[in-house]
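Order of the sequence lines fixes the chain letters, A, B, ..., with proteins taken first and strands second; residue numbering starts at 1 for each chain. Below, all heavy atoms of this structure are taken into account, side chains as well, without hydrogens, waters or symmetry copies.
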There are 2 protein chains.
Amino acid sequence: MDYSQLVQSPLFRGISSDEIEKVLTGTSKKFRKYKAGEFIAFSGEPVSSLMIVLYGVVKGEMVDYSGRVIKIEDIPAPGALASAFLFGSRTFFPVNVVAISDTELMIIEKSDFLKLLMNNDRILGNFLDMISNRSQFLSEKIKFLNFRTIKGKLAQYILHQTMNGRLSFNLGMTQADLADYFAVARPSIARALKELEDEGLIEASGKVINVLDRKSLAQLISD
Amino acid sequence: MDYSQLVQSPLFRGISSDEIEKVLTGTSKKFRKYKAGEFIAFSGEPVSSLMIVLYGVVKGEMVDYSGRVIKIEDIPAPGALASAFLFGSRTFFPVNVVAISDTELMIIEKSDFLKLLMNNDRILGNFLDMISNRSQFLSEKIKFLNFRTIKGKLAQYILHQTMNGRLSFNLGMTQADLADYFAVARPSIARALKELEDEGLIEASGKVINVLDRKSLAQLISD
DNA sequence: TTGATTTTGTAACATTTGTTACAATTTTTT
DNA sequence: AAAAAATTGTAACAAATGTTACAAAATCAA
């Protein structure tokens, strides 16, 4: 087995390829492959193991009351699945997990994984970072959803995307995807973008958004 | 110092009072008191230590674009603050933290806390449970916020509160609090409750909700 | 390139939610 | 018990969003 790509996995960050191999050789694990579109887990199923995406991309998604599918996030290799649901009091999948592309997973049972954590400071620290990052990701998402108006959500999103001081960025997705992400209707996204543009706060050409008036955007979400 | 109440803290669950005292004696820490209403931390401030509420109650809250305060959660003693923001890549407070009642906190610096984790399997397991539970809490909240209609949010909330098979439960808060929790307007909550009642799905007397038609509630959020 | 497919813009209209206001009711305080 | 404060019910109207539909534009595939 070739573990070299795992050097870039959040769980093994900072650990040499040799050491990863040594650690994993002493750990029991399984491997499983999925075709694009195949369901890996269903919402409500128990989580009894840590799953690491060796290659491919998977997504988490929810279904709302009207049947609309809401994508929660993408997890590309070499990320981990369900890491925040392996411990705690509700150890079951909160979302459906679907393979976007052909995918292979490495699966380590919880008890085996606990031994790994206790025996390796580095992996422990990495795992703490990972599940903390999940909370932080969800917390950020709640910030969007808490804004009542779509313009507010967009403003928050745009400001977040340009925190680094850039004046423009590329929506890495279609308006339909963005609408799913915000849990709103697609034409409403188009309308809100147009309004922000009409008001001179942004300039949109294709999927590239130029931020023209950062102050007014900030006011939209802090007044 | 009296650590007896910490036996009930999630971080020290399953550890005897004597052992808690022994462990904490060997750990450097600070104590700090806050008056009711006082701000403990502001959104965006760095998190550099674990904070445990020794007595009192604190809350986390956000401010949306229109100035409305959205309460995220209450943390009564002997809970921990900011536990999901001590590790990971964005180690700063995601919300304002305010003392609801007079409060005392025990504060342990991150580096000291790490030693604690490495030296005590039980505390490690408890901490993993705690930060995982945070993700799970946030994930549950996102489920509410993702429903577009208020009736959908309410249905999700009511079904969640009666998962255990009970037919009734007590909203432990006012309609105004519930409105904040859902990030909607207060009269809209009253209206939605009335509609659910008119349609015969629930019966509300005061803060007690009787679930009359579980199937229709489930349909509201899955059709 | 050409044709097919996806994405975007936009309009008309229905529905939902927010806002404001005030009275009725309940709860808390004195 | 009486008074004060908080909570709830409700109405009228404004504003925002959803729905549906279709054409224009952009992107993708053959």
*Asks:* Separation of Met173(A) atom CE from dT7(C) atom P, in whole Å?
*Replies:*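 So the CE-P distance, Met173(A) to dT7(C), works out to 13 Å.
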*Asks:* For dA26(D), does either OP1 or OP2 sit under 4.0 Å from a side-chain N or O belonging to Lys207(A)?
*Replies:*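 Checking Lys207(A) against dA26(D): no side-chain N or O falls below 4.0 Å of OP1 or OP2.
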*Asks:* Rounded to whole Å, please give me the gap between CG in Asp198(B) and P in dG9(D).
*Replies:*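 About 12 Å, once rounded to whole Å.
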*Asks:* Let me know the distance between NZ of Lys153(A) and C1' of dA16(D), rounded to the nearest Å.
*Replies:*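 Going from NZ in Lys153(A) over to C1' in dA16(D) covers 12 Å.
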*Asks:* Can you give me every donor-acceptor pair (side chain of residues 46-55 of chain B, partner residue at least two apart or in another chain, under 3.5 Å) with its distance?
*Replies:*
none

*Asks:* Between P on dT16(C) and NZ on Lys151(B), what's the gap in Å once rounded to a whole number?
*Replies:*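 About 7 Å, once rounded to whole Å.
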*Asks:* Check the distance between dT17(D)'s C1' and Phe182(A)'s CZ and give it to me in whole angstrom.
*Replies:*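 One finds 15 Å between C1' of dT17(D) and CZ of Phe182(A), rounded.
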*Asks:* For Gln175(A) and dG9(C), is the shortest distance between a side-chain N/O and OP1 or OP2 below 4.0 Å?
*Replies:*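 Yes, within the criterion.
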*Asks:* Where the side chain of Ser216(A) meets the backbone of Leu201(A), is there a donor-acceptor pair that is under 3.5 Å apart?
*Replies:*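 Judged by distance alone, no pair lies under 3.5 Å.
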*Asks:* If I compare all heavy atoms of Arg134(B) with all of Ser135(A), which pair ends up nearest, and what's the gap?
*Replies:*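 What the structure gives for the nearest pair is CB-OG, 3.9 Å.
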*Asks:* Can you find a side-chain donor-acceptor pair between Arg214(B) and Thr162(B) that sits under 3.5 Å?
*Replies:*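 There is such a pair between these side chains.
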*Asks:* For the pair made of CD1 in Ile150(A) and P in dA15(D), what is the distance, rounded to whole Å?
*Replies:*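 Taking CD1 of Ile150(A) and P of dA15(D), I get 17 Å after rounding.
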*Asks:* How many Å lie between CZ on Phe147(B) and P on dT17(C), as a whole number?
*Replies:*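 Computing the Phe147(B):CZ to dT17(C):P distance gives 13 Å.
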*Asks:* For Phe182(B) and Phe144(B), I'd like to know if the aromatic rings sit close, meaning centre-to-centre distance below 6.0 Å.
*Replies:*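 Phe182(B) vs Phe144(B): aromatic centres under 6.0 Å.
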*Asks:* For Ala204(B), does its backbone N or O pair with a side-chain atom of Glu197(B) as donor and acceptor, under 3.5 Å?
*Replies:*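 Looks like yes, one N/O pair under 3.5 Å.
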*Asks:* In terms of the angle between their ring planes, are Phe87(B) and Phe113(B) parallel, tilted or perpendicular, with boundaries placed at 30° and 60°?
*Replies:*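 It falls in the tilted class, 30° to 60°.
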*Asks:* Closest to the Thr149(A) side chain: dT17(D), dG18(D), dT17(C)?
*Replies:*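 My answer, after comparing the listed nucleotides, is dT17(D).
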*Asks:* Does Arg148(B) have a side-chain nitrogen or oxygen under 4.0 Å from the phosphate oxygens OP1 or OP2 of dT16(C)?
*Replies:*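 For dT16(C), neither OP1 nor OP2 has a side-chain N or O of Arg148(B) closer than 4.0 Å.
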*Asks:* Taking atom C1' of dG9(D) as reference, at what distance in whole Å does atom CZ of Arg186(B) sit?
*Replies:*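 Atom-to-atom, Arg186(B) to dG9(D), this comes out as 8 Å.
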*Asks:* Does anything in residues 187-197 of chain A reach DNA chain D, meaning a heavy atom under 4.0 Å, and if so which residues?
*Replies:*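 By residue number: Pro187(A), Ser188(A), Arg191(A).
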